[in-house]
**Q** 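Got a structure for you, written out below as structure tokens; questions coming shortly.
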Number of protein chains: 2
Amino acid sequence: MAEREVDRSVSQTVKAQLALRDQILDGSLRPGERISELQAVETTGASRTPVRMALVRLEEEGLLEAIPSGGFMVKAFSERDISDSIELRGTLEGLAARFAAERGVSARELEPLKECLAAIDELLRQVPISIEAFSSYVTLNARFHAQLTELSRSPPLIRQIDRASALPFASPSGFVMAQSALPEAQQILIIGQEHHRVVIDAIENREGARAEAVMREHARLAVRNLRLALRNRTHLDLLPALALIKTATD
Amino acid sequence: MAEREVDRSVSQTVKAQLALRDQILDGSLRPGERISELQAVETTGASRTPVRMALVRLEEEGLLEAIPSGGFMVKAFSERDISDSIELRGTLEGLAARFAAERGVSARELEPLKECLAAIDELLRQVPISIEAFSSYVTLNARFHAQLTELSRSPPLIRQIDRASALPFASPSGFVMAQSALPEAQQILIIGQEHHRVVIDAIENREGARAEAVMREHARLAVRNLRLALRNRTHLDLLPALALIKTATD
DNA sequence: CGCGGTCAGTTTGTATACATTCAGATGGAT
DNA sequence: ATCCATCTGAATGTATACAAACTGACCGCG
């Protein structure tokens with residue numbers, strides 16, 4: 001019953017959306033169960049109108065599913081669903097990279113990407129990589145992908161990539177923290193960084209096919225991480241949205 | 001002021017969404033202008049609550065844009081935006097076709113696609129192609145693309161393709177009617193149908209790369225149609241959502 | 001003993017009233 | 001004359017009350 005006074009500047013709808021998303025991702029709201037609007041009103045502090053707005057937005061975001069008879073339930077995802085979502089994002093990022101390469105990008109525009117690249121290089125120099133470094137990697141990697149997407153200068157494509165990356169496990173840095181526990185962690189980061197380096201080089205040289213291919217392969221690396229993290233059950237809890245994943249053990 | 005009695009079975013939200021979408025596409029609501037909720041209440045017959053729900057959904061659909069200070073406005077699209085949206089859809093359909101090819105599809109599942117193919121073949125046999133035939137083509141073509149998407153058996157991918165096809169000018173049959181006025185119309189349909197034939201053959205033989213490539217090229221054909229239709233100003237009015245297109249002449 | 005229908009409770013969907021914020025205009029000061 | 005501040009009207013965002021629909025259970029019937 002504390003902190004009922006949540007920042008007046010953000011709308012109740014946004015507050016409800018954030019609160020509900022947290023509840024979904026941490027498993028408070030379980031897949032398959034209908035979400036009670038009354039209960040959501042209780043837990044979020046907003047009234048029913050903004051709560052319902054938030055539910056609609058979360059449905060579009062892909063976390064909820066409309067029930068034909070009314071209301072919404074939390075969606076469940078199979079391992080295949082997740083890997084397909086990652087490959088989907090990779091395909092779109094590949095298209096963005098190809099557009100950037102084919103349409104041309106000035107040195108100015110590439111500058112921030114190269115800074116990102118250098119910063120990640122710096123991070124990877126330390127052996128072994130600390131947990132803090134993993135955390136910084138997540139930030140820098142997200143920035144790199146966002147900037148790369150922007151290079152396409154295609155609003156419709158940027159929009160779709162953002163939507164595809166909205167699912168926590170499909171986002172570019174989704175599994176980085178989960179992989180930090182793996183023995184292969186460092187190698188994987190190094191390989192990923194090589195992909196980053198190649199895509200910049202390809203864009204610079206206007207090699208569209210190469211830029212596209214490497215981003216696709218980059219996503220496949222993420223799929224591999226997913227598999228490894230799911231198999232290596234010791235640090236399963238680092239997986240984002242673990243509660244939404246349909247496992248055979250359930 | 002007539003037909004105030006619109007089917008009780010569908011929700012007010014859906015009614016408002018359909019009505020507003022129509023108004024957007026036919027240009028009653030013009031790009032850049034803020035949409036007045038009160039006015040929307042007047043024209044749709046629903047109250048503000050379902051109208052606001054509809055506005056949120058139309059934003060997610062891509063037809064509206066949120067105004068930072070509140071409310072929504074109709075989005076405007078450049079020719080580049082549209083061609084990128086088409087290529088985006090083509091890329092996703094390419095991925096779907098590749099998934100289908102790589103993962104394998106039974107003869108049973110391919111059956112409805114082949115029926116569609118045969119039906120379109122039948123249509124194209126008549127020369128010249130009648131307006132009614134164009135109209136039938138639109139239906140059959142939409143069904144073909146929908147079934148092809150399903151073949152991927154990937155819910156996340158199907159979902160994204162549906163979202164990408166929601167914009168009227170990005171949908172698989174978006175420009176077919178507009179092209180009916182072009183002299184090249186028949187050739188274009190024949191080439192498009194050849195793409196359909198090839199993608200089925202590729203999937204049958206599990207040639208993923210070929211299936212993917214041909215769907216991408218198929219979308220490029222649609223981009224070519226767009227260009228032709230925009231240049232051939234005699235039948236511009238057949239273009240879907242013409243009112244949303246930013247032209248240099250405006 | 002199983003199945004179907006009816007009824008009550010609860011939930012969602014809708015309408016409307018209220019609060020708050022934004023846009024535009026008007027007036028004053030520099 | 002221009003710029004800024006204040007004010008007013010209107011629009012959006014929120015809360016709540018009402019209506020309709022669905023869920024589940026209980027009872028009766030086959």
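Within every chain, numbering begins at 1; the chains are lettered A, B, ... in the order of the sequence lines, protein sequences first and strands thereafter. Quick caveat: nothing in here was measured; it's all calculated off a predicted structure.
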**Q** Considering only C:dT11, C:dT14, D:dA15, which nucleotide approaches the side chain of A:Pro50 most closely?
**A** D:dA15
**Q** Report yes if a donor N or O on one partner sits less than 3.5 Å from an acceptor N or O on the other, where the partners are the side chain of A:Thr49 and the base of D:dT16; otherwise report no.
**A** yes
**Q** Report the residue (B:Phe72 or A:Arg48) whose heavy-atom-nearest nucleotide on DNA chain D is the more 5′ of the two.
**A** B:Phe72
**Q** For the pair B:His196 and B:His145, name the ring-plane relationship: parallel under 30°, tilted 30 to 60°, perpendicular over 60°.
**A** perpendicular
**Q** Using the side-chain contact (heavy atoms from CB on, under 4.5 Å) rule, take B:Glu59 and A:Glu60 through it: C-alpha gap first, then chi angles, then the decisive distance, then the call.
**A** CA-CA 10 Å; B:Glu59 182 204 5; A:Glu60 309 286 343; over 6 Å; no
**Q** For A:Glu37 and D:dC22, what is the distance between atoms CD and P respectively, to the nearest whole Å?
**A** 15 Å
**Q** Looking at every non-hydrogen atom in both residues, tell me the closest pair between B:Ala166 and B:Glu61 and how far apart they are.
**A** CB-CG, 4.0 Å
**Q** Rounded to whole Å, please give me the gap between CE in A:Met53 and P in D:dA15.
**A** 12 Å
**Q** Using atom CD of B:Gln12 as one end and atom C1' of D:dA20 as the other, report the distance to the nearest whole Å.
**A** 12 Å
**Q** Where the side chain of B:Leu38 is concerned, which of D:dA15, D:dT12, C:dA15 is the nearest nucleotide?
**A** D:dT12
**Q** Distance check needed: D:dT23 C1' versus A:Met73 CE, whole Å only.
**A** 16 Å
**Q** Tabulated below should be each protein N or O lying under 3.5 Å from an N or O of nucleotides 23-26 of chain C; please produce it.
**A**
{"from": "C:dA23", "atom 1": "OP1", "to": "B:Ser69", "atom 2": "OG", "distance (Å)": "3.0"}

**Q** Are more than 12 heavy atoms from other residues, nucleotides or ligands located less than 6.0 Å from atom CZ of A:Arg159?
**A** yes
**Q** Measure across B:Ala142 and B:Ser173 and return the closest heavy-atom pair with its distance rounded to 0.1 Å.
**A** N-OG, 3.6 Å
**Q** Taking the basic N atoms (NZ, or NE/NH1/NH2) and the acidic carboxylate oxygens, is any pair closer than 4.0 Å for A:Arg108 and A:Glu111?
**A** no
**Q** Between C1' on C:dT14 and CG on B:Leu55, what's the gap in Å once rounded to a whole number?
**A** 16 Å
**Q** Rounded off to whole Å, could you give me the CD-to-C1' distance for the B:Gln39 and D:dT12 pair?
**A** 15 Å
**Q** Could you tell me how far apart B:Glu33 (CD) and D:dA11 (C1') are, to the nearest whole angstrom?
**A** 16 Å
**Q** Tell me the interatomic distance from B:Gln17, atom CD, to C:dT14, atom P, rounded to whole angstroms.
**A** 12 Å
**Q** Less than 6.0 Å separating the ring centroids of B:Phe169 and B:Phe77?
**A** yes
